[in-house]
Each structure stands twice: as structure tokens, then as C-alpha cells.
Amino acid sequence: PLCDLARCGPLNISASRHFLTHRDGSPFYFVADTPWHLLQDVSLGEAKQFIDLRLSQGFTALQLNALGLGDDPNAQGDRFGNWSSLNPPYWAHVDAVLQYMQRRGMVAYVLPIWAFNWACPGSGTCPSGRPSATLEEHFAFGKILGARWRELGNLIWVMGGDIDNPPVAKYRQLLAGIRAGGARQLATAHPRAPGSSSSFMPRELDFFSIQNRAGRPGGGGTPLGTTGSLVRSDFTRQFTTSHEEVRGHKPVLMAETWYEDVADGGLYDLHFKRGPLLREAYWGARLAGSFGDAYGQWGGWCASKRLPH
């Protein structure tokens, strides 16, 4: 059984700098699912059912967005508020889900702001339907959430979110705000595929996250074998003295790859039947030194009211 992370957390980096540990130094085995919209699109009871199911199947973490894909109300009819003033009912629901995960010993890898939808380049309207959040808004929002969640023992803070030419200055302001709010949990960043957060935030993060999809049928994308290569290249970069920005050895996580489905293709052409594409990603990452990996499946995405079912 997993340990109540209110007592055993927050997580730390192991002395070997290769994996995560509980507060007492015992290893934490990171196996995540990616129900990105769980905090918005189901009731608290349904969220608890999903968490219990995943725990019974051996998962130890969930990867989540604090905000939805767009500026729509959650399943309870509440919007999040704005960057400097949170809407209490929305965040009370999010708190309840995260606290339940904490009691059950499950880690929450949480993106406060998914960049593609809320921090898009320029000053125009983002896919969320709102203007791109500013540097000042990133800091203000990070400070509020940092103060709110600084005692959560199961939280990992995650900057980024599937965007080319990542707005690193905004990510840094978000993290600075989180720290100004008093939060000291581990922090990473979620890159766009194929890539690693070591390429754009090498100093500030506690560990690096990788996203990669190798071996797309019909060509395109990266070839099979590159998931492990991405992990290995992160370690190589860290031990190369000419790469001066990386200070010391940091762990690496394979945070996103292909999604499982009942048929090939699916939304964004990211979904495939169980087979070598999925196995290559998980085994390639683990054998290359990743401390964990993240599974994904179409059913988890279907919790969202804003995606085709």
C-alpha cells in the first residue's frame, strides 16, 4: 500500500540523483496515468472512483491540468475566476480531489497553466478563449496557488504545456510566484514532443520531463528507439562540461508518449492500439534511466465535455 503523503511527503530527489523518494528516503515508484481533465469534468465522487481504480491497477501518480481546455465551467458549473482572484467553489473542488489523492498516497503532477491554451505567443486570444496570460499574471497566479497548496505532500509543480517556442520567461515567473507563495515541492516542466524540458529550463527545475512519440506508422515523427535516446541524451548533456547551464545531475521522467485506443489514429492522430509503439516508449525510457513513465488512453480524455467522444 502507498503511504499517506500528508505524512510521508513531500517527495524529494534521491541521494543518487536518479529517482524520487518519500520524506524518509524510501523510493517512490512513479507510474502515472494522464486524465488531464479530471479536475474539471467529473464530480468529486467520480474523481474518487477513478483514483481508487487506478490505485488498484498499480498506478502511483496522475498528471493533471488545474484549468480546463477553455474558459468553460467545470462539472459543478463553476469557472476558475481570474489570475489574481480565484473563484472559491471551483478551487474547493480541485482542493478536495488533490487532498483525496494525498490521503491515498497518489502523486499529483499538476500544470497550473497549460501554455498552449492559456499562454500562447503574442497578445491575441488563445485557444482557451482568453488573452494570453502576461508575465505579471503568471507570477500573481503562481503566488496564490503556491500559498494555497504549499502544505500538500503529494504535489509536483509543472510549468509548460505542449507549445513550440516555449514562453520561458512566463514559466519562470510562474515558478517564482509559486516559491514566493511559500511552496517548496519539486518542480519540472512539460515540453512539446519530441523534446525535454532540459532544453529550455536547465537550471531551475528539480527534474526534467520528456515527451516523445516514436515510430509513427506511415512515416513522419521520430524513429523507434528515440525515446530511450532522449533520456540518455539528457544524462549525457548533464555530464558534459561544455553544457555549463546544467548544474549537477538531475533525474529524468518520460512524461508523455502515445495514447492507447481501440483503433489507430484518434484525436490529433496520437492514439494507437496496444502494441510495439507503446511498449517501445515505456521500456526504452526505463532501460535508459528514466525514473518513471506516464500512460495515456482515450477513455481518460473522454471525461472532457469539450472533446469528441
Side-chain angles (χ1 to χ4, degrees), residues 32 34-41 62-74 78-88 90-91 93-95 97-98 108-150 152 155-183 185-193 195 197 200-201 204-209 211 253 255-256 294 304 306-307:
T34 51
W36 295 109
H37 316 297
L38 187 74
L39 298 176
Q40 295 81 39
D41 291 336
L62 297 179
Q63 298 184 185
L64 307 165
N65 285 316
L67 306 178
L69 293 176
D71 192 18
D72 300 318
N74 63 10
D78 302 307
R79 288 182 167 83
F80 87 89
N82 59 57
W83 305 118
S84 59
S85 179
L86 305 187
N87 181 23
Y90 180 97
W91 294 98
H93 173 77
V94 173
D95 292 345
V97 176
L98 296 180
Y109 172 108
V110 177
L111 290 100
I113 299 175
W114 186 260
F116 180 83
N117 289 74
W118 298 90
C120 55
S123 56
T125 301
C126 292
S128 65
R130 289 200 185 190
S132 182
T134 66
L135 289 169
E136 294 76 15
E137 287 168 336
H138 274 75
F139 181 87
F141 191 58
K143 187 174 181 180
I144 292 171
L145 290 186
R148 188 181 190 97
W149 292 341
R150 62 186 178 186
L152 279 177
L155 190 67
I156 292 173
W157 296 97
V158 189
M159 316 307 121
D162 259 4
I163 192 167
D164 293 320
N165 301 313
V168 177
K170 291 183 177 182
Y171 299 170
R172 287 176 173 148
Q173 283 299 296
L174 179 61
L175 182 56
I178 289 166
R179 298 308 188 207
Q185 299 99 327
L186 298 179
T188 187
H190 199 84
R192 192 164 180 82
S197 52
F200 55 85
M201 288 187 77
E204 301 92 339
L205 305 176
D206 296 298
F207 65 86
F208 300 133
S209 293
Q211 181 177 179
L253 168 68
E256 190 176 358
S304 176
R306 290 172 288 278
L307 292 173

Could you give the distance from [atom1] ([X]) to [atom2] ([Y]), rounded to the nearest 0.5 Å?
X: His93; Y: Asn74; atom1: NE2; atom2: CG; answer: 6.0 Å
X: Gln185; Y: Arg150; atom1: CD; atom2: CZ; answer: 10.5 Å
X: Asp71; Y: Asn117; atom1: CG; atom2: CG; answer: 11.5 Å
X: Thr188; Y: Ile156; atom1: OG1; atom2: CD1; answer: 8.0 Å

Is there a side-chain contact between [X] and [Y] in this structure, where contact means two heavy atoms from C-beta onward sitting under 4.5 Å apart?
X: Met201; Y: Phe208; answer: no
X: Leu205; Y: Tyr171; answer: no
X: Leu86; Y: Phe141; answer: yes

(message) Tell me whether the count of non-hydrogen atoms from other residues, nucleotides or ligands lying under 6.0 Å of CZ in Phe200 goes above 12.
(response)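 Check passes, neighbour count above 12.
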Of all heavy-atom pairs between [X] and [Y], which one has the smallest distance, and what is that distance?
X: Ala189; Y: Pro191; value: O-CD, 3.5 Å
X: Ile163; Y: Arg192; value: C-CD, 3.7 Å
X: Leu174; Y: Met159; value: CD2-SD, 3.6 Å
X: Leu175; Y: Ala187; value: CD1-CB, 3.8 Å
X: Cys126; Y: Pro131; value: SG-C, 4.3 Å
X: Trp157; Y: Leu145; value: CH2-O, 3.5 Å

(message) Applying salt bridge (Lys or Arg N to Asp or Glu O under 4.0 Å), can you list everything that pairs with Glu204, at least two apart in sequence or on another chain?
(response)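 So Glu204 forms a salt bridge (Lys or Arg N to Asp or Glu O under 4.0 Å) with Arg172.
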Give a yes or no answer on whether the side chain of [X] reaches the backbone of [Y] with a donor-acceptor pair at less than 3.5 Å.
X: Lys170; Y: Ala133; answer: yes
X: Ser209; Y: His190; answer: no
X: Glu256; Y: Thr34; answer: no
X: Arg130; Y: Trp118; answer: no
X: Ser132; Y: Cys120; answer: yes

(message) Using 30° and 60° as the class boundaries, would you call the ring planes of Trp114 and Trp36 parallel, tilted or perpendicular?
(response)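 If you compare the ring of Trp114 with that of Trp36, the planes turn out tilted.
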(message) Using the rule given for side chain to side chain donor-acceptor pair (under 3.5 Å), can you reason through Gln211 versus Asp162, listing the C-alpha separation, both sets of side-chain angles and the distance that settles it, and then say yes or no?
(response) CA-CA 9 Å; Gln211 181 177 179; Asp162 259 4; 2.8 Å; yes
(request) Test Asp95 against Arg148 for side chain to side chain contact (heavy atoms under 4.5 Å, CB included), laying out the working first. (result) CA-CA 9 Å; Asp95 292 345; Arg148 188 181 190 97; 2.7 Å; yes
Listed pairs under 3.5 Å, donor-acceptor, residues 62-70 side chains, sequence neighbours left out:
residue : atom : partner : partner atom : Å
Gln63   : NE2  : Ala255  : O            : 2.9

(message) Assess the residue pair Ile113 and Trp83 against the criterion (side chain to side chain contact (heavy atoms under 4.5 Å, CB included)); give the C-alpha distance rounded to whole Å, side-chain angles, the decisive distance to 0.1 Å, and a yes or no.
(response) CA-CA 10 Å; Ile113 299 175; Trp83 305 118; 3.8 Å; yes
(message) If you apply the rule side chain to side chain contact (heavy atoms under 4.5 Å, CB included), what do you find for Leu98 with Val110, and how did you get there?
(response) CA-CA 10 Å; Leu98 296 180; Val110 177; 4.2 Å; yes
(message) Would Leu135 and Phe139 count as a side chain to side chain contact (heavy atoms under 4.5 Å, CB included) here? Give the steps.
(response) CA-CA 6 Å; Leu135 289 169; Phe139 181 87; over 6 Å; no
